Amino acid sequence: MATGAGVRAGIGFASSHADDPFEAMADLVDQLGTEPLAGAVIFCSQHYDRDSLARAINRHSECTTVIGCTSSGELTDAGYDHDSLTVIGFPAADFCMTSHCFDDIDNFDPVAAREIVRALAAQADRDSRRLGGLVNHVALFLVDGLSHREELLTMTIQDALGDIPLIGGSSGDDLAFRQTAIFDGGRFHARAAVVAILSSTRPMHVFKAQHYQPGAAKMVITGAIPHERIVTEINAEPAAAEYLRLAGHAGEELGMEFFAAHPPMVRAGGEYHVRSIQSANADGSLTFYCAIDEGIVLNIGEPVDRIAGMRQLFADLHARVGEVDRIIAFDCVLNRIDAEQRQISRDVSALYAGNRVIGFNTYGEQYHALHVNQTFSGLAIGR
């Protein structure tokens with residue numbers, strides 16, 4: 001991937017299904033061409049050997065800021081995609097990008113982190129002066145999707161960023177729930193997060209959308225192990241059985257498809273947000289993708305017309321930024337599963353492709369100071 005000053009160009013994007021990481025990276029570089037890049041973001045299927053992939057990335061990215069993560073599916077020019085390696089390249093003529101990796105988030109220090117992020121924002125401001133004119137800044141955030149630390153990191157980093165909006169996603173591993181990884185500084189990190197400030201004179205707008213509304217069925221968390229995101233009791237009954245009773249129908253079984261179709265929702269800040277379930281456990285408890293605690297009241301979510309909602313969202317984004325170059329999206333893997341169950345994944349893919357959506361399927365999304373679930377969130381960038 002080239003570096004340095006260059007002529008005005010569109011945001012670069014490339015995708016490869018080559019199994020060998022060196023072949024995949026060579027394919028991506030061929031597709032991207034020679035346009036000098038200010039930085040790049042890579043999303044990769046969990047099937048790639050990470051040490052080999054890191055070496056392959058480094059071979060082609062000298063002096064370029066490259067961040068990324070493992071995924072549970074990719075969003076490419078074909079819409080929903082899988083088992084691929086994808087790269088987004090920001091042309092140096094229109095963008096600056098600077099990043100910092102928190103490589104030990106089990107021992108994350110909020111006080112120290114605020115100082116680091118403020119210094120990063122100041123650096124982004126200095127570096128982007130070469131672009132001239134009014135510069136917009138957005139923070140791209142990628143975090144370990146199995147860390148259970150997303151809420152603390154998201155709130156802390158957004159607080160330190162001030163007026164710079166944060167948008168991002170939690171890394172995945174194709175629903176294996178064993179080990180996800182963040183890429184920064186030439187290698188993959190476990191239990192890590194990376195924040196990159198993207199600067200440009202182009203219009204940039206962050207957004208969040210969900211495809212559910214709260215239904216009438218309510219449940220109160222009466223037993224929980226908060227630090228493990230486990231709910232043991234709902235309405236003073238075993239959690240899994242009570243959730244199934246409230247949300248299900250005769251003969252249905254708990255599983256990923258069921259969780260995707262019947263997401264719990266919580267009211268916070270005047271809005272309802274999904275609190276997705278990751279798994280039903282052998283002891284009758286439920287593990288969630290996000291923070292959960294006793295006393296929280298949840299409604300069972302009901303689907304809205306996703307296709308109509310997405311069309312309206314894309315129309316709004318076009319109105320906001322003008323002609324769209326790319327929409328970088330963080331789309332919850334449960335949205336993908338639910339689209340497949342409802343047999344609308346082809347229609348969703350066509351909408352994504354038609355609106356120049358690229359990105360990955362996540363284990364959670366970050367929007368401003370919120371860690372959320374089962375949303376379609378992202379960054380629209382105009383030309």
Side-chain angles (χ1 to χ4, degrees), residues 1-16 18 21-44 48 50-71 74 76 84-103 116 119-121 123-131 135-142 167-169 171 181-189 192-202 204 325-326 328 358-360 379 381:
M1 289 180 274
T3 62
V7 297
R8 187 175 184 86
I11 294 168
F13 180 73
S15 177
S16 176
F22 290 92
E23 291 180 13
M25 273 304 301
D27 188 9
L28 297 185
V29 170
D30 286 344
Q31 293 177 53
L32 285 176
T34 59
E35 175 64 31
L37 299 180
V41 182
I42 284 181
F43 302 123
C44 63
Y48 287 104
R50 292 169 190 175
D51 290 338
S52 296
L53 179 55
R55 290 195 297 272
I57 294 170
N58 294 338
R59 177 178 293 181
H60 294 283
S61 61
E62 185 177 358
C63 300
T64 303
T65 299
V66 181
I67 66 169
C69 68
T70 55
S71 68
E74 300 76 52
T76 71
S84 72
L85 179 66
T86 67
V87 62
I88 303 166
F90 299 102
D94 285 343
F95 292 89
C96 290
M97 192 169 92
T98 185
S99 69
H100 178 82
C101 183
F102 295 96
D103 59 4
I116 290 168
L120 191 70
Q123 179 184 339
D125 182 64
R126 291 192 299 271
D127 292 351
S128 63
R129 290 173 188 169
R130 69 168 178 81
L131 298 173
V135 177
N136 301 307
H137 305 282
V138 171
L140 300 176
F141 183 58
L142 302 173
I167 194 72
S171 57
I182 300 297
F183 185 84
D184 180 80
R187 66 186 181 93
F188 284 95
H189 307 256
V194 62
V195 58
I197 298 181
L198 185 69
S199 306
S200 180
T201 56
R202 296 196 194 186
M204 299 193 292
D325 188 338
R326 287 290 185 178
I328 301 172
I358 50 179
F360 81 107
L379 170 65
I381 304 175

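Computed from a predicted structure; not experimentally measured. The first residue in the sequence is number 1, and the count goes up from there.
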Does [X] reach the side chain of [Y], with side-chain heavy atoms less than 4.5 Å apart?
X: S200; Y: N136; answer: no
X: F183; Y: R50; answer: no
X: I42; Y: L53; answer: no
X: I167; Y: L140; answer: yes

Taking every non-hydrogen atom, the tightest pair across [X] and [Y]:
X: I197; Y: A124; result: CG2-CB, 3.6 Å
X: A193; Y: F141; result: CB-CE1, 3.9 Å
X: D325; Y: G10; result: OD2-CA, 3.3 Å
X: P91; Y: G89; result: CD-O, 3.5 Å
X: D94; Y: A9; result: OD2-O, 4.1 Å
X: P21; Y: A56; result: O-CB, 3.7 Å

Could you pull out all residues at least two apart from [X] that satisfy side-chain contact (heavy atoms from CB on, under 4.5 Å)?
X: R187; answer: D103, H189
X: A14; answer: L28, Q31, L32, V87
X: S71; answer: E74, F360
X: A119; answer: none

| said: For Y48, give me all partners under ring pair (Phe, Tyr, Trp, His ring centres under 6.0 Å), at least two apart in sequence or on another chain. | reply: none
| note | For F102, the ring pair (Phe, Tyr, Trp, His ring centres under 6.0 Å) test, sequence neighbours excluded, returns H100, F108
Find the distance between [atom1] ([X]) and [atom2] ([Y]) and round it off to the nearest 0.5 Å.
X: C96; Y: F90; atom1: SG; atom2: CZ; result: 12.0 Å
X: I328; Y: L198; atom1: CD1; atom2: CG; result: 7.0 Å
X: C44; Y: I57; atom1: SG; atom2: CD1; result: 6.5 Å
X: R202; Y: F95; atom1: CZ; atom2: CZ; result: 4.5 Å
X: L142; Y: I67; atom1: CG; atom2: CD1; result: 5.0 Å
X: L37; Y: I88; atom1: CG; atom2: CD1; result: 11.5 Å

| SB check D125 R129 (cutoff 4.0 Å) | yes
Return the set of residues passing side chain to side chain donor-acceptor pair (under 3.5 Å) with [X] (not counting sequence neighbours), or none when no residue passes.
X: T76; result: D81
X: S128; result: none
X: S99; result: D184
X: T98; result: Q123

| said: Run the salt bridge (charged side-chain N to carboxylate O under 4.0 Å, His left out) test against R326 and tell me which residues pass, sequence neighbours left out. | reply: D77
| Under 3.5 Å, is there a donor-acceptor pair between the side chain of N58 and the main chain of A54? | yes
| request: Apply the test side-chain contact (heavy atoms from CB on, under 4.5 Å) to residues I358 and T86: give CA-CA distance (whole Å), side-chain angles for both, the deciding distance (0.1 Å), then the verdict. | output: CA-CA 9 Å; I358 50 179; T86 67; over 6 Å; no
